[in-house]
Structures are given as structure tokens and as C-alpha cells.
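What you see is a predicted model, and the numbers here were worked out from it, not measured in a lab. Letters go in sequence order (proteins before strands), and every chain restarts at 1.
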Amino acid sequence: KNQVEQSPQSLIILEGKNCTLQCNYTVSPFSNLRWYKQDTGRGPVSLTIMTFSENTKSNGRYTATLDADTKQSSLHITASQLSDSASYICVVSHNFNKFYFGSGTKLNVKP
Amino acid sequence: EPEVTQTPSHQVTQMGQEVILRCVPISNHLYFYWYRQILGQKVEFLVSFYNNEISEKSEIFDDQFSVERPDGSNFTLKIRSTKLEDSAMYFCASSLAGGNSYNEQFFGPGTRLTVL
């Protein structure tokens, strides 16, 4: 069964601290893996997109990693800011134009 | 900056009624998508559309659902006979290229559908 699992479900960190969010998937065949940021009541916004041949991709303070062998990905956020408070969603593309979403990690950055 | 727009922002309908949700994708994009998110749950893929036809659809996208690009700018999702469980936020997205590339998808702000 094609699934995307994320952990933790929620996370509270202090402003300025780093954090790492995890994503495991069983989607096959795999096309690419995306991380999105979703503010409450808004549409998701793309952070990174990686294909199976990529191990790391950065977008500012966001760094995603991918291990296609173990089917795991992580999103590392450096020097967190209050505006990073949101849900972070891992999405795996199947057959290029079909997408499986994780349930997201709800991040709360406190001052 | 170009953006995806959706109308209406909130739609309330009676069970069994037909609804049409409208989206205007970014003008030079070629791939279009509909997703839904039931309150408190994860986003779910419904359908992808390219070259005037469905390229992929999920198990959720049954005969009650249809999509159309009636003109050069709009992309619509029709639900023929709404059920209570269709209540959700519906997101439209568009991308320049398909899923086999670094095609960033741009999401609209969503239409909240409430079925009474």
C-alpha cells in the first residue's frame, strides 16, 4: 500500500533552535519527494523537490535529505523563526502525476 | 507575482446538490490539479489534468466528480450530488511541467465546501 508517514506529529521549539522532521514512505514507483509548508487555512507552499538520485537539497534555512534505499527523508530547519510555525508536509509523487501526502508535522516556534 | 486563484472562497450547499468549484491557474502553466483536505486531516490528491484530459486520479475521484477546462483560463471541479462527507477545503494547483521534473506546484487559497 502506498503510504507516507511523518514524525513527530507535533513539535514545539524555541526561536533560534534547529529541528529535524522525518518522513518515511512506501510509495512505488517513486518519482520524486517534496516538502511543503502549510500555514493554517492556506494552500501548501513548495520548499524542496528531490528525485531519487539526490541526497540533499537546500532552500535557505531548509535542508531536505533523501535516502531512496531506506525510503526516508528528513527536513532540517536551521535557526528557527516565529514565522516557521506551520505544518510541514512530505509528499511523494507516484507515476509522476499522482501524489501521496503525509499527515504533516505541526511545528510551533515559541519566543 | 502570478498566483492561482479560486472562487468562491466558501460554498455552502445542501446534500444532493451539484457544486462547481472554479480555479484560474497561472497563465503559462500546463498541468492542473485538485486536492481536498477534510478539516483536521491530511491533504489528499484527487486528480491531475494535462492536455485537456485526466492524467491520473485517486480512488476518491469517482463518478461523482468531474473536471473541465472550459476555456483558456478556468479549471473547474464539479461534484454532481454532494454528500456530507464531501465537506472539505478544496485546493487547486498548477505547474509548468509534469511530475517527472522539478515542477513546483503552486496552490490556490482553497474553497471551503460545506455540505448541510
Any Gln105(B) side-chain heavy atom under 4.5 Å of Arg34(A) side chain: yes
A side-chain contact here means heavy atoms from C-beta on lying under 4.5 Å apart; do Val4(A) and Lys42(B) qualify? no
Can you tell me if Phe52(A) has over 12 outside heavy atoms packed within less than 6.0 Å of its CZ? no
Given the rule that I, L, V, M, F, W and Y join up when any side-chain heavy atoms are under 4.5 Å apart, are Val43(B) and Tyr100(A) in one cluster? no
Quick one: does Arg42(A)'s side chain get under 4.5 Å of Phe107(B)'s, heavy atoms only? no
Examine whether an atom of Glu54(A) lies under 4.5 Å from a heavy atom of chain B, and if so say whether it belongs to the side chain, the backbone or both; otherwise answer neither. side chain
Side chain, backbone, both or neither: which part of Gln6(B) has a heavy atom under 4.5 Å from chain A? neither
One thing to verify: whether Lys98(A) and Glu59(B) come together as a salt bridge, which I'm taking to mean a side-chain N less than 4.0 angstrom from a carboxylate O. yes
For Leu39(B), I'd like to know if atom CG has over 12 heavy atoms of other residues, nucleotides or ligands within 6.0 Å. no
Determine, using the 4.5 Å side-chain heavy-atom cutoff (strictly less than), whether Val67(B) and Leu113(B) are members of one ILVMFWY cluster. yes
Quick one: do Leu46(B) and Val92(A) end up in the same hydrophobic cluster if we chain Ile, Leu, Val, Met, Phe, Trp and Tyr together by side-chain heavy atoms under 4.5 Å apart? no
4.5 Å side-chain heavy-atom contact, Glu56(B) and His94(A): no
Shared hydrophobic cluster, Ile60(B) / Leu77(B) (ILVMFWY, side-chain heavy atoms < 4.5 Å): yes
Using modelled atom types and a 3.5 Å cut-off, is there a donor and acceptor pairing between side-chain atoms of Ser48(B) and backbone atoms of Asn97(A)? yes
So which residue, Tyr50(B), Phe106(B), Phe91(B), ends up with the most heavy-atom pairs under 4.5 Å with chain A? Phe91(B)
Where does Lys106(A) contact chain B at under 4.5 Å (heavy atoms): side chain, backbone, both or neither? neither
Do you reckon Phe99(A) sits in the same ILVMFWY cluster as Trp34(B), going by side-chain contacts under 4.5 Å, direct or chained? no
Around Asp71(B), counting heavy atoms of other residues, nucleotides and ligands shown, do more than 12 lie under 6.0 Å from its CG? yes
Chain A contact via Tyr35(B) - side chain, backbone, both or neither, heavy atoms under 4.5 Å: side chain
